[in-house]
Amino acid sequence: MAKARIYRPDKSAMQSGKLPMKHWLLEFVPEKPYFVDNLMGWVGMSDMPQEVQLSFPTREAAIAYAEQQRIPYQVYEPNKRRMVRKAYADNFKFNKVTN
C-alpha cells in the first residue's frame with residue numbers, strides 16, 4: 001500500500017486569493033521514480049496512485065478517511081503566515097530607514 005501525505009496547500013504566488021488554503025489534500029507519495037521516454041524525451045511515470053488527489057474540508061476528515069481505508073499517512077502541518085502591515089505612504093517617508 002502506498003503511503004499518503006495529508007497537507008493543506010499554500011497560496012500560489014501567482015494569485016492573491018486564499019481559497020486553495022481552505023481545504024486539506026490527501027495524495028500518495030510516488031513509489032517508483034519518473035522515467036524519460038527514449039523516443040520523445042517526455043518525462044512520465046507508471047505509478048497510478050500518484051495521480052489521485054482527494055480533497056477534504058478538514059484535517060480530521062482526511063485522517064479519518066485514511067484510517068478507514070487503512071492507508072498509512074503522514075500529516076504535514078501548514079506554516080504560520082506572518083502578516084506585515086505596510087502602508088503605501090511609507091515609501092515616501094522623509095526619514096526612511098532601509099537595510
Contact list for residues 55-66, test side chain to side chain donor-acceptor pair (under 3.5 Å), sequence neighbours left out: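 Sorted pair list: Arg59-Glu77.
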Heavy-atom closest pair, residues Ala66 and Tyr73: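 Taking Ala66 first and Tyr73 second, the nearest heavy atoms are CB-CD2, 3.6 Å.
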Set of side chain to side chain contact (heavy atoms under 4.5 Å, CB included) partners for Asp90, sequence neighbours left out: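 Asp90 satisfies side chain to side chain contact (heavy atoms under 4.5 Å, CB included) with Ala87, Lys93 once adjacent residues are dropped.
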Whether over 12 other heavy atoms sit under 6.0 Å from Asn79 CG: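 For Asn79, atom CG is not crowded (no more than 12 foreign heavy atoms under 6.0 Å).
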Which residues share a side chain to side chain contact (heavy atoms under 4.5 Å, CB included) with Phe92, sequence neighbours left out: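 By the side chain to side chain contact (heavy atoms under 4.5 Å, CB included) rule, Phe92 matches Tyr88.
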Any residue meeting side chain to side chain contact (heavy atoms under 4.5 Å, CB included) with Val52, in chain and number order, not counting sequence neighbours: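 For Val52 the side chain to side chain contact (heavy atoms under 4.5 Å, CB included) partners, ignoring immediate neighbours, are Phe28, Leu54.
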Considering all heavy atoms, the nearest Ala62-Leu26 contact: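 Minimum heavy-atom contact is O-CD1, 3.9 Å.
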Partner residues of Lys80 under the side chain to side chain contact (heavy atoms under 4.5 Å, CB included) criterion, sequence neighbours left out: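 Scan of Lys80 (side chain to side chain contact (heavy atoms under 4.5 Å, CB included), adjacent residues dropped) gives none.
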Side chain to side chain contact (heavy atoms under 4.5 Å, CB included) between Ile6 and Ile63, intermediate numbers included: CA-CA 8 Å; Ile6 298 172; Ile63 291 173; 4.0 Å; yes
Members sharing Met40's hydrophobic cluster (side chains within less than 4.5 Å):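 Joined to Met40, directly or through intermediates: Leu39, Trp42.
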Under 4.5 Å side-chain linkage, directly or through intermediates, the cluster mates of Tyr7: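 The other cluster members (ILVMFWY side chains, heavy atoms under 4.5 Å, direct or chained) are Leu25, Tyr76.
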Partner set under salt bridge (Lys or Arg N to Asp or Glu O under 4.0 Å) for Lys32, not counting sequence neighbours: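 With neighbours one apart ignored, the set is empty.
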Salt bridge (Lys or Arg N to Asp or Glu O under 4.0 Å) contacts in which one or both residues fall within residues 33-46, not counting sequence neighbours: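 The answer is none; no pair qualifies.
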Distance (rounded to the nearest 0.5 Å) between His23 NE2 and Phe56 CZ: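 The CZ atom of Phe56 is 11.0 Å from NE2 of His23, to the nearest 0.5 Å.
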